[in-house]
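This report concerns only the one structure given below.
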2 protein chains.
Amino acid sequence: MKNLIQLQQKNCLECALKGHSVFSVLSDEQIEKINHHKSCAIYKKGQYLFTQFSRPVGLFCIYTGKIKLSTIGTDGKEQIIRLAKDGDIIGYRALMTEEHHRLSAIALEDSSVCLIEKDFFVKLAFQEPQLSKRVFKLISEDLRKAEEQIVSLSQKNVRERIAEALLFLKATYGLEADGKTLSVRLSREDFADYIGTSTESVIRLLSELNSSGIIELVGKKILINDIERLVRTANIIV
Amino acid sequence: MKNLIQLQQKNCLECALKGHSVFSVLSDEQIEKINHHKSCAIYKKGQYLFTQFSRPVGLFCIYTGKIKLSTIGTDGKEQIIRLAKDGDIIGYRALMTEEHHRLSAIALEDSSVCLIEKDFFVKLAFQEPQLSKRVFKLISEDLRKAEEQIVSLSQKNVRERIAEALLFLKATYGLEADGKTLSVRLSREDFADYIGTSTESVIRLLSELNSSGIIELVGKKILINDIERLVRTANIIV
DNA sequence: TTTAAGATATGATATTTGTCATATATTGAC
DNA sequence: GTCAATATATGACAAATATCATATCTTAAA
């Protein structure tokens, strides 16, 4: 079916401990068990991990990579709802509530992702109170971000939202070794689909931020030159 | 402190069974126990049940009434995030994650509300898998609505969002006995704070929908005259 | 009841943003 | 490497929406 590259199996124990994964609350033995209920693959840029309305097959754990979660609005326009990164798990909501996926998950760059068997995860999640709590915290965080997005879309203009998005991308995906370049590269269209505006407006306002020296556009890269002014542009109280 | 009118205690058993409350998954004995860990009160229109940033004191169950959940944006403007009604529980997220409230809850009309003791509810919620699942479904629904709100704010114009909001209010709070009048009365300002626009735009567009015969404005009441055209105005695929 | 405060209504105008057209640059397929 | 497809860029203009001003209506308080 899909043209997935099967990957050498990752070790869940290493993975869970290296970071902030939800599984870090489990015992080593429990984590070890996950190894026998998962498979790993590489998703190339643009490939779907799952699609809106489909039935979940398991839990996706991002080992490395960047994933966008989006939906299609009434007029066929894409809306990016969330962005996920290394150590994040995605698709857990549909598993926990036994519903279909409400969003599609698409790789923004080549990503190494493990898939944990549906039944194994669901059983574990409901059996282990520590894990339940972590998953509840996860969805609560997703809700918090969604609510912030609502306030932003309602009350901020496009310039403020762009600045905010740049700061968010920095906070989420970090910077390259130079300490200035955003690690993630979104197309102008993805940018627009994230902050709720037109591609042209994104291009125009990024170019304006570039002219004013707050950011620098070098090819596809975006460098953040003046964080303070970017924060002020985003109209964020610190 | 607060000028709350203490109420004759409601019977949780009757309450849980009359509707779609999360507690309907519990046994009668368990529900009976809740009676001993709650108090009931009337909140007058405009009163706060709890405020943003405060520590939760318990779980609020709405017996009758209408509550808005809102936050204040950077420029001091209110943003209504959710609306709650009879049978809904609110404030559960902060309880489950042991965080402060992120939203304020304000009565839109005089409301009869019970408060279940914090520790009692949290213990019960984590002990009873059935209840855990229901609470997870609740937050999942809140997330779904928030995500829909994001798409709407990003992709629809104010006219479409107003029409959508009217349909949402009808779906949530229903109609009066005449089968036409919305049961809830939002001020134009609350309306604006909900759909993310200015009060004047709400007034203008409601008045336009009135002129075109889709709705009818009678004093403070809003009558829905032509649902089909309202759905078309909202640009919803059915 | 009277009065003041607040809510609703409407017009005029400014601002923001989207849309369309077109040019240039970049990328990927062959 | 060449060419086509796609992405980025920019200007001109139109449309949507916010803002400000002011009038009227409604509600709550004295």
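Nearest heavy-atom pair across D88(A) and L83(A) is OD2-O, 4.4 Å. Of all heavy-atom pairs spanning P56(B) and H100(B), the tightest one is CD-CA, 4.2 Å. G65(A) and S111(A) get closest at one heavy-atom pair: CA-OG, 3.2 Å. Heavy-atom minimum distance, K156(A) versus N235(A): NZ-O, 3.3 Å. Closest approach of Q149(B) to Y194(B), counting heavy atoms only: NE2-O, 3.2 Å.
Whole-Å rounding puts the I203(A) CD1 to dT24(C) P distance at 16 Å. Between the C1' atom of dA9(D) and the CZ atom of F191(A) lies a distance of 16 Å, rounded to the nearest Å. At whole-Å resolution of the value, CG in L108(A) and P in dA7(D) are 14 Å apart. Atom CD1 in I215(B) sits roughly 13 Å away from atom P in dT8(C) (whole-Å rounding). Between the P atom of dA28(D) and the NZ atom of K44(B) lies a distance of 11 Å, rounded to the nearest Å. Spacing between atom CZ of R188(A) and atom P of dT10(D) amounts to 10 Å, rounded to whole angstrom units. Per the geometry, CD belonging to E189(A) stands 16 Å off C1' belonging to dT26(C), to the nearest Å. One can place CZ of R185(A) at 10 Å from P of dT27(C), the figure rounded to the nearest angstrom.
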For nucleotides 17-27 of chain D, print each protein N/O atom paired with a nucleotide N/O atom at under 3.5 Å, atom names and distance only.
{"residue": "dT17(D)", "atom": "OP1", "partner": "V158(B)", "partner atom": "N", "Å": "2.9"}
{"residue": "dA18(D)", "atom": "OP1", "partner": "T197(B)", "partner atom": "OG1", "Å": "3.2"}
{"residue": "dA18(D)", "atom": "OP2", "partner": "T197(B)", "partner atom": "OG1", "Å": "2.6"}
{"residue": "dA18(D)", "atom": "OP2", "partner": "S198(B)", "partner atom": "OG", "Å": "3.3"}
{"residue": "dA18(D)", "atom": "OP2", "partner": "S201(B)", "partner atom": "OG", "Å": "2.6"}
{"residue": "dT19(D)", "atom": "O4", "partner": "R204(B)", "partner atom": "NH2", "Å": "2.9"}
{"residue": "dC20(D)", "atom": "N4", "partner": "E200(B)", "partner atom": "OE2", "Å": "3.3"}

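Judged by distance alone, the side chains of E164(A) and S152(A) do bring a donor and an acceptor atom under 3.5 Å apart.
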